[in-house]
Amino acid sequence: MAIQKSDPAVDGVHAFKLPDVGEGLVEAELLTWYVAPGDEVTVNQMICEIETAKAAVELPSPHAGTVKELKAQEGETVEVGTVIITIDDGTGSGGGASDGGTATAAEPETPADDGEEKEKPLVGYGEKAAPTQRRARRRPTPSGAAQPTPAPEPARPAPAEPASPNGAAAQGRPLAKPPVRKLAKDLGVELASVTPTGADGIITRSDVRSAAEPATAAPETAAAAQPAPAVGDQSARERRVPVKGVRKHTAAAMVNSAFTAPHVTEFLQIDITGTMNAVKRLRERPDFADVKVSPLLLVAKALLMAVRRHPEVNSSWDEENQEIVLKDYVNLGIAAATDRGLVVPNIKDAHAQALPELAASLKGLTDTAREGRTSPADMSGGTITITNVGVFGVDAGTPIINPGEAAILAFGQIRDMPWVHEGELAVRKVTTLALSFDHRLVDGELGSKVLRDIGTALEDPELTALAWG
């Protein structure tokens, strides 16, 4: 992942450009500044939070010094490569004091042995070479010679006061998770004005909603004083929400998928009573004591078994080379609804995980997504996806394939229904599965076999596990 560093310093001032923190992203929305002009920053200190088309991420400072100017505003959409902040490292004219605070004649800069030195890197992105910029050396002073008068150190701007005393961090930013920041932005609440009630001074959702109530709950008398909208004027009763970040990316990707890949969807209603009984028994086993065992876990395992039996469903279409790419690994995507929109992080090499490990991966993935901390890397490289529409009380649907994949499985709600079981009518646990697939890669026969195998594994999970391994 390529990360741009700031341009070489001009008179000690570094211009830091918005980097591409994903894979070919062209823009990002600046959510929050953690610093203000005049603040002192250190290398790798987080200076702002941005939201790309894939995730919300924090950017570290590549330089130490004093914040000179913020070039972008919160809420502004900025193109990659645009300068967003300038940092004065104190080495320019009128900059920081020389060694020992003594004014001496400067020698020419002495180049490093290899002509360059290592610049301190951004967190997690490795080291990058930067042109050498050394401080001038002091000439040795003869014994007994008069020492020059020390040059006065130039005054530096005082650090900005914290934005809020309520649980603010050392840099002055209110402490809140990304979903809470998003909620505050939607409700028009300044986080700096919110009194935190969470642990360690963290602002919670309820804090934001409480702060928004005085602004949103207008008295009836004030509402009565407002002039009634003109007859036929609907604009007074409409609200517009900008489409940015993850929601914008999801919309574009779904449109592209729907009109590029020829979708086919098949449905299968099954008796899932055996799976529900297996879930209860697994929860009692010691090796599952620390993980969450849910029906979704066994649906994921059933899909992985079906993929092993029919690997063609775990493939992608290479339009440029007109080839089908068969993948000998499964990065299992799980669609998750979040405050920022739909995200589809995936479990890397899910096919190689035992059931307890798969359960832990599912929980970690969904928890991270709901907290708004899913990274771009977690959402790239998926090969096949599950969307659990049953949690919304929905029986089935026609899911759109995640771009770059061949199929997606929708898992509907589990309901008590009359069902013919062993020749007699009984009340059983029933659900509906829906498999959408790209007809360029998966024909009707293959799609039907995959869906039927998933259903078989869920109707009798123990026997299927023994038979298919």
Side-chain angles (χ1 to χ4, degrees), residues 3-7 10 13-22 25-42 44-63 65-88 122 157-194 203 207-208 211-212 215-216 239-249 339-341 372 376:
I3 294 292
Q4 294 177 342
K5 62 183 178 184
S6 61
D7 288 340
V10 177
V13 177
H14 299 267
F16 180 53
K17 296 178 179 179
L18 178 68
D20 176 5
V21 295
L25 300 175
V26 297
E27 65 181 18
E29 180 185 356
L30 204 156
L31 295 180
T32 308
W33 279 113
Y34 299 158
V35 296
D39 283 359
E40 296 291 331
V41 296
T42 58
N44 289 334
Q45 174 183 325
M46 297 303 170
I47 56 176
C48 68
E49 181 183 36
I50 64 172
E51 181 180 32
T52 70
K54 294 185 176 181
V57 295
E58 294 180 319
L59 294 183
S61 172
H63 294 285
T66 304
V67 176
K68 185 175 178 65
E69 185 179 1
L70 304 182
K71 296 283 192 177
Q73 303 297 319
E74 292 183 355
E76 180 180 350
T77 298
V78 183
E79 293 184 358
V80 169
T82 301
V83 176
I84 59 173
I85 187 174
T86 56
I87 299 173
D88 186 349
L122 299 181
E161 291 297 322
S164 169
N166 298 324
Q171 298 95 331
R173 62 151 172 160
L175 299 180
K177 294 180 179 179
V180 178
R181 294 182 183 278
K182 176 69 165 54
L183 176 63
K185 182 178 178 182
D186 292 342
L187 297 179
V189 174
E190 290 290 339
L191 284 176
S193 65
V194 178
I203 297 173
D207 296 337
V208 172
T216 56
R239 293 182 298 118
R240 293 178 179 269
V241 179
V243 180
K244 298 180 180 179
V246 171
R247 201 174 298 275
K248 180 179 180 180
H249 171 74
D339 290 340
R340 297 171 52 242

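- When every heavy atom of V57 is checked against every heavy atom of P376, the shortest pair comes out as CG1-CD, 4.0 Å.
- Nearest heavy atom pair, residue I47 against residue W33, reads O-CE3, 3.4 Å.
- You'll find the side chain of F16 reaches within 4.5 Å of the side chain of P62, heavy atoms only.
- Taking each heavy atom of G81 and K17 in turn, the nearest pair found is O-CD, 3.2 Å.
- By the 4.5 Å heavy-atom criterion applied to side chains, Y34 and V41 are not counted as neighbours.
- Closest approach of A36 and V67 over heavy atoms only: O-CB, 3.4 Å.
- When side chains are defined from C-beta on, I50 does not count as touching I84, because their heavy atoms never get closer than 4.5 Å.
- The salt bridge (Lys or Arg N to Asp or Glu O under 4.0 Å) search around K71 returns E69, not counting sequence neighbours.
- The CD atom of E49 sits 5.0 Å away from the CG atom of L31 when rounded to the nearest 0.5 Å.
- Atom CD of E40 is separated from atom CD of Q45 by 9.5 Å, given to the nearest 0.5 angstrom.
- Of all heavy-atom pairs spanning A72 and V78, the tightest one is CB-CG2, 3.9 Å.
- Remark: I85 CD1 to L18 CG distance equals 12.0 Å, nearest 0.5 Å.
- Residues satisfying the side chain to side chain contact (heavy atoms under 4.5 Å, CB included) criterion with E79, sequence neighbours excluded, are T82.
- Taking CG of D88 as the start and NE2 of H14 as the end, the distance is 8.0 Å to the nearest 0.5 Å.
- When every heavy atom of V194 is checked against every heavy atom of A211, the shortest pair comes out as CG2-CB, 3.9 Å.
- Of the possible donor and acceptor atoms, none in the side chain of E76 sits under 3.5 Å from a partner among the backbone N and O of L30.
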